[in-house]
Each structure stands twice: as C-alpha cells, then as structure tokens.
Visitor: 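Mind looking over this structure? Questions follow.
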Amino acid sequence: MNPIDIPDTLRLVDHPIARNTAVATRNLPIGSVVLTEPVLTSVLFPDKTGSRCDYCHRSDHTEPELRIRKCTGCEVQWYCDEQCQKLHWDSSHRLVCKAYLDFVMSRVYLALSDDQMMDCLVLSQLVAEITLRRPESATAILTFESLLPSPHELEAIPVIPMRRDPPPLSRIAALYQRFPNNNHVIQIHLRPIGVAILPLTSRLLNHSCSPNAVLRYILSASQKPRAEVVTIREIAEGDEVSIPYLDPAISYPERQSRLKDIYGFECSCKLCTIQLPMNIRSIAGSEVLGLVNALEPALHQFAFGEGITADFQLPEEQLCVRLPEDFRLLMDDPVLSVLTTSFSIASDEGPFEMAMSTGKTIFAIYLCIYPPCYPQIGFHLLEMAKVAWNEYTKENKRGDVETANTYLTIARRILDVYGREGDSGGPLDEVNELLELIRTSEEQE
Ligand SMILES: C[S@@+](CC[C@H](N)C(=O)[O-])C[C@H]1O[C@@H](n2cnc3c(N)ncnc32)[C@H](O)[C@@H]1O
C-alpha cells in the first residue's frame with residue numbers, strides 16, 4: 001500500500017541521488033498552491049511561551065483579543081481558548097501533561113543542548129500522537145515513517161514519560177533519526193516561532209537554492225498550523241518543484257557545507273552552478289563597508305538601470321546569471337549581514353540617506369541571489385518604504401512619500417505572489433495599509 005496521499009498537482013519520479021523528486025502534473029501559474037498540509041506535530045520555541053497558543057500558534061501580539069492561559073495540569077503549555085486546549089489534549093497532550101513539568105525541570109532534560117531540548121519536546125509530542133493512534137493522523141504517521149533518515153547516526157534523547165505505553169525505544173530512535181533532514185522551522189512574517197513535522201512536504205519536496213516554490217504557514221483558530229507550498233515562478237508540466245531548505249543568501253561555501261552535513265548531499269542547483277566557479281573569497285567584516293562604497297554606484301546601475309520607479313520590471317531570473325566579475329565579492333558571507341545590520345541601525349537612528357542607500361544595495365544583492373518574487377525581497381522593500389514614510393512624517397518632503405510609494409508598489413507585486421501568511425497583520429497587510437495611508441494623505445493635500 002502506498003501511504004502517501006500525493007496532491008493532484010504533483011507526481012513522484014525517481015531521482016538518482018534523492019530517491020524521489022516531485023514534478024508538476026500540469027503547468028502551474030505563479031502563486032499557485034501546490035500542496036497544503038496541517039502539521040502532524042509542532043512545538044513553539046521557548047521564547048514564544050505564553051504569547052502564542054501551543055495548539056494553533058496564534059499570537060496575542062497580532063491578535064490582542066486572544067487571552068492565552070496556562071494549562072492548569074502541566075503549567076507549561078498555553079492555549080488561546082478551551083477549544084484549542086481540548087484539541088491539543090485529545091491529539092497528544094493527555095499522555096504527557098502529568099509528567100511535563102517535572103520532566104522539563106529534570107537534570108536529564110536540563111543537560112541537553114537547546115536544539116536537543118526542542119527535539120525532545122517535538123519527539124515526545126510525536127510519540128504521544130503515534131501512541132494515541134487517531135485515525136486522522138494515520139496517513140501522516142505512515143508518511144513520516146517512510147522519510148529518508150539523517151545521514152548521521154543520532155545519539156538517543158529522552159522523551160517525556162507517558163501515561164500509556166509508548167512504542168519501543170528502537171521505534172522512537174528510528175523516528176528521531178528522521179528529524180534533522182526533514183523537520184521544518186515555522187516562520188511567521190519571516191520570524192522563526194517553532195518546529196514542525198510536515199511528513200508530506202518532506203516526502204515530496206527536494207531542495208534548491210534557486211527554488212520555484214516556497215513554504216508559508218497559515219494560523220487559524222482551533223486548527224493545527226497549516227503549511228502551504230506556493231509557486232514563486234511559473235512551473236511547466238514535468239518540471240521539478242523545489243523549495244529552499246535554507247536561505248539562498250547564505251554564502252555558497254557555507255550553504256554547501258550545511259547541506260552536506262545536515263542533508264547528506266552536494267547541491268548542484270542553478271545558483272550553486274553559477275557560484276561554484278566564482279571562487280568567493282572570505283573577506284573581513286571590517287572591509288565590507290569600504291568595498292560596498294566602491295562598488296555601489298556600478299552595482300545600482302547594473303541592477304536598476306535607469307533607476308527604481310513604481311513600474312520597475314523585476315528581472316526574469318536572479319541577476320547572478322549575468323553577474324559581472326567585479327561584484328562577486330558582494331556574494332561573500334559577511335557582506336549581507338554587515339549591510340542588514342547597518343540598514344537596521346540607520347533605519348532607527350539615521351541618517352536617513354544612509355538607510356536608503358544601504359537598503360538599495362541590499363535590494364540589488366537580493367536581486368542577484370533570490371528568484372525575483374522571493375518573499376524576502378518584498379519584506380525588505382516594505383522596511384525601506386517604512387523608513388521613507390517615517391522621514392516624510394518628520395520632514396514632509398514630497399520625495400520621501402514618492403519613494404515610499406515606489407517601494408510599496410514593487411513590494412506588493414512580490415508579496416501578492418507569496419500571499420497572506422501567519423495569523424493577521426503580516427507584511428502584505430502592512431503594505432496595503434501603508435499604500436492606503438499614502439493615498440489618503442495625498443487626497444488631503
Ligand atoms: C526532505 S527529504 C526530500 C524527499 C526525498 N527526496 C525523498 O525521496 O523522501 C530530504 C532528503 O532528500 C534528499 N535531497 C533533497 N534535496 C536534494 C537535492 N537537491 N539533491 C540531492 N538530494 C536531495 C537528501 O537525501 C535529503 O536528506
């Protein structure tokens with residue numbers, strides 16, 4: 001019996017290294033949802049405790065009407081209402097509630113690394129789900145068990161003592177062996193909030209640093225978080241659908257080393273093929289701003305031609321494909337992190353001109369690395385628009401509101417493809433609200 005419930009947009013074909021790969025069964029327009037899947041199991045990172053619901057993961061920051069309350073049994077888990085508490089209780093929590101608090105205070109748990117602690121809570125919840133054998137999870141559990149194991153043997157970690165006999169230790173170890181190369185970090189509005197097990201997504205989708213699809217998470221009342229795979233380019237029938245397992249903006253050597261170490265393969269995607277012969281050399285963080293200053297005007301000319309206007313045409317593919325040799329150093333590791341730190345400081349403290357020119361250079365580098373509708377580009381343009389709008393509210397200069405409008409219009413084109421994600425108040429909503437604010441302020445003038 002084939003336990004995998006493959007959506008009709010995809011079919012599995014053999015792959016010489018990756019076992020299988022999923023290809024499109026028909027032409028998929030940009031912005032299509034090719035797969036949707038509720039998490040089998042998900043656990044919030046510790047810093048989200050008490051501000052997000054442990055079942056649906058909605059937040060009291062974005063939805064202030066939520067009253068997140070502690071489970072009076074374990075005093076560790078938090079819920080936004082009785083319905084979420086009941087659903088979590090029925091799906092897994094009733095097996096671990098009693099022992100939860102003692103376990104997370106125990107020496108054996110506290111001796112684990114932060115990553116192992118997370119793994120231990122995710123594994124405990126998964127084992128509880130499996131022990132309860134609820135019919136709605138049966139296919140997802142079978143699919144999870146069919147996933148490729150990590151290329152490295154993992155040391156065993158403990159699980160929370162259960163009220164009913166859990167599976168034998170050898171089975172628990174085999175489940176855990178699938179964690180590193182299959183589990184996903186849940187990102188809401190680009191911020192990591194927890195770890196999810198998505199068996200179908202993991203079974204179907206391989207990695208590419210030049211992906212044609214990305215994951216987004218939708219959080220809704222009384223439901224497990226749901227992942228959706230959205231296309232960010234048009235995909236032709238028969239083409240592989242791939243997602244990024246890690247950020248394509250990480251430098252080539254670092255990406256390769258993480259992919260090898262965690263997933264056990266060498267990536268030969270389009271971006272890696274372009275970057276391989278570039279021989280990106282490591283430059284010191286202190287050299288970055290000097291280098292950027294020297295290259296900035298030519299880089300802006302290369303990426304934006306005559307300039308950035310609201311009808312700016314996004315390139316058809318990432319500009320790396322035709323990157324002049326001079327700019328290769330800008331693909332190096334410390335460059336983006338130095339620039340994003342400098343952008344964020346200048347955005348908060350000024351000077352405004354520095355924030356905008358650094359932001360523009362980050363935009364140019366993103367266009368070199370990311371596929372044109374990659375959400376990260378849209379999120380960045382929204383941040384630039386907010387800086388320009390803040391400057392306008394202080395200085396009342398016409399140019400600033402036009403700049404804000406330009407970046408928002410391009411951001412909207414990109415984020416419309418990615419769509420709404422998370423709970424409420426995400427970047428696409430922010431873009432639309434700010435555009436509306438600009439429109440009304442212009443009408444009033
Ligand atoms: C989440 S699974 C992907 C689904 C997998 N192809 C399967 O048949 O179950 C991750 C594993 O797939 C393989 N894989 C994913 N992307 C790959 C790629 N671009 N090249 C080679 N192997 C890849 C690696 O073995 C990796 O550990």
Side-chain angles (χ1 to χ4, degrees), residues 1-7 9-25 34-42 115 119 122-123 126 139-154 174-187 195-217 227-229 231-233 235 238-248 250 252-276 318 369-371 374:
M1 186 188 73
N2 183 357
I4 315 166
D5 206 355
I6 303 179
T9 45
L10 298 173
R11 85 187 141 80
L12 273 183
V13 295
D14 289 344
H15 185 284
I17 304 165
R19 175 170 68 173
N20 292 131
T21 194
V23 299
T25 51
V34 291
L35 186 163
T36 170
E37 177 183 28
V39 302
L40 170 59
T41 292
S42 63
D115 286 349
D119 280 351
V122 178
L123 185 61
L126 176 68
T139 307
I141 291 168
L142 283 174
T143 308
F144 183 79
E145 289 176 327
S146 78
L147 296 178
L148 291 170
S150 159
H152 308 291
E153 192 67 36
L154 301 187
L175 295 169
Y176 182 43
Q177 196 62 33
R178 276 148 182 92
F179 273 29
N181 60 334
N182 290 292
N183 286 2
H184 297 261
V185 171
I186 307 178
Q187 306 248 11
V195 171
I197 297 188
L198 296 167
L200 188 60
T201 306
S202 295
R203 180 66 184 86
L204 296 179
L205 296 176
N206 286 338
H207 162 85
S208 171
C209 314
S210 179
N212 51 19
V214 287
L215 268 184
R216 71 173 175 223
Y217 291 88
E228 293 183 339
V229 176
T231 61
I232 52 165
R233 311 182 205 240
I235 302 180
D239 279 358
E240 177 178 11
V241 179
S242 57
I243 56 170
Y245 290 178
L246 38 77
D247 185 348
I250 297 169
Y252 170 78
E254 179 63 24
R255 277 199 326 270
Q256 285 289 358
S257 121
R258 287 200 214 172
L259 289 170
K260 183 87 195 146
D261 193 38
I262 304 170
Y263 300 95
F265 69 90
E266 272 161 36
C267 188
S268 53
C269 74
K270 190 165 160 192
L271 187 66
C272 287
T273 313
I274 298 166
Q275 289 183 335
L276 167 70
Q318 56 270 66
I369 296 169
Y370 292 130
Y374 202 77

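All ligand and atom numbering here is 1-based and tracks the order in the structure. This chain uses plain numbering: 1 for the first residue, then up along the sequence.
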Visitor: Can you find a heavy atom in the side chain of Thr9 that is under 4.5 Å from one in the side chain of Leu35?
Guide: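 With C-beta onward as the side chain, the pair stays apart.
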Visitor: Does Asn212 form a side chain to side chain contact (heavy atoms under 4.5 Å, CB included) with Glu240? I'd like the steps, not just the answer.
Guide: CA-CA 9 Å; Asn212 51 19; Glu240 177 178 11; 5.7 Å; no
Visitor: To which protein heavy atom is atom 9 (O) of ligand 1 closest, and what is the distance rounded to 0.1 Å?
Guide: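 For atom 9 (O) of ligand 1, the nearest protein heavy atom comes out as Arg19 NH2, 2.8 Å.
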Visitor: Please tell me if the side chains of Tyr217 and His184 come closer than 4.5 Å, counting only heavy atoms from C-beta onward.
Guide: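 A side-chain contact under 4.5 Å exists here.
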Visitor: Rounded to the nearest 0.5 Å, how far does CD1 of Ile141 lie from CD1 of Ile197?
Guide: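 These two atoms lie 10.0 Å from each other.
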Visitor: Considering only non-hydrogen protein atoms, determine which one is nearest to atom 11 (C) of ligand 1 and report residue, atom name and distance to 0.1 Å.
Guide: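 For atom 11 (C) of ligand 1, the nearest protein heavy atom is Leu148 CD1, 3.9 Å.
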Visitor: Check Tyr263 against ligand 1 and report side chain, backbone, both or neither, counting heavy atoms closer than 4.0 Å.
Guide: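 Tyr263 to ligand 1: contacts from backbone and side chain alike.
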Visitor: Considering the heavy atoms of Leu205, write down every atom of ligand 1 situated less than 4.0 Å from one of them.
Guide: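 Those qualifying, in numeric order: 3 (C).
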Visitor: Around atom 16 (N) of ligand 1, find the nearest protein heavy atom and jot down its residue, atom name and distance.
Guide: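 Of the protein heavy atoms, His207 N, 3.0 Å lies nearest.
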Visitor: First locate atom CG of Asn182, then atom CG of Leu175, and finally report the distance between them rounded to the nearest 0.5 Å.
Guide: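 Reported to 0.5 Å precision, the distance equals 11.5 Å.
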Visitor: For atom 13 (C) of ligand 1, what's the nearest protein heavy-atom neighbour? Residue, atom name and distance, please.
Guide: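 The closest heavy atom on the protein side is Ala18 CB, 3.7 Å.
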Visitor: Can you sort out the partners of Asn20 under side chain to side chain contact (heavy atoms under 4.5 Å, CB included), two or more places apart, ordered by chain and number?
Guide: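 With sequence neighbours excluded, Asn20 shows a side chain to side chain contact (heavy atoms under 4.5 Å, CB included) to Leu12, Asp14, Arg203, given in chain and number order.
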Visitor: Suppose I only count heavy atoms of Asn182 and a 4.0 Å limit; which atoms of ligand 1 are within that range?
Guide: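 In order of number, 1 (C), 2 (S).
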Visitor: Taking the side chain as everything from C-beta on, heavy atoms only, tell me whether Lys270 gets closer than 4.5 Å to Pro371.
Guide: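 No - every pair of side-chain heavy atoms lies 4.5 Å or more apart.
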Visitor: Nearest to atom 15 (C) of ligand 1, what protein heavy atom do you find, and at what distance?
Guide: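 Minimum-distance protein heavy atom for atom 15 (C) of ligand 1 reads Asn206 OD1, 3.3 Å.
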Visitor: List the closest protein heavy-atom neighbour of atom 10 (C) of ligand 1: residue, atom name, distance to the nearest 0.1 Å.
Guide: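 I find the closest protein heavy atom is Tyr245 OH, 3.4 Å.
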Visitor: In terms of relative ring orientation, are Tyr245 and Phe265 parallel, tilted or perpendicular, with 30° and 60° separating the classes?
Guide: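 Perpendicular, since the angle between the ring planes exceeds 60°.
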Visitor: Give me the residue, atom name and distance of the protein heavy atom closest to atom 7 (C) of ligand 1.
Guide: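 Ranking protein heavy atoms by distance from atom 7 (C) of ligand 1, first comes Arg203 NH1, 3.3 Å.
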Visitor: Please identify which atoms of ligand 1 are closer than 4.0 Å to at least one heavy atom of Asn181.
Guide: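 Near Asn181, meaning under 4.0 Å from one of its heavy atoms, ligand 1 has 1 (C), 10 (C), 27 (O).
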Visitor: Give the single entry among Ser146, Ala22, Cys209, Ser202 that approaches atom 2 (S) of ligand 1 most closely by any heavy atom.
Guide: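 Among Ser146, Ala22, Cys209, Ser202, the closest heavy atom to atom 2 (S) of ligand 1 belongs to Ser202.
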Visitor: Distance from Glu254 atom CD to Leu246 atom CG, nearest 0.5 Å?
Guide: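 One finds 9.0 Å between CD of Glu254 and CG of Leu246.
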Visitor: Quick test: of every protein heavy atom, which one is nearest to atom 18 (C) of ligand 1, and how far off is it to 0.1 Å?
Guide: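 The protein heavy atom lying closest is Phe265 CE1, 3.3 Å.
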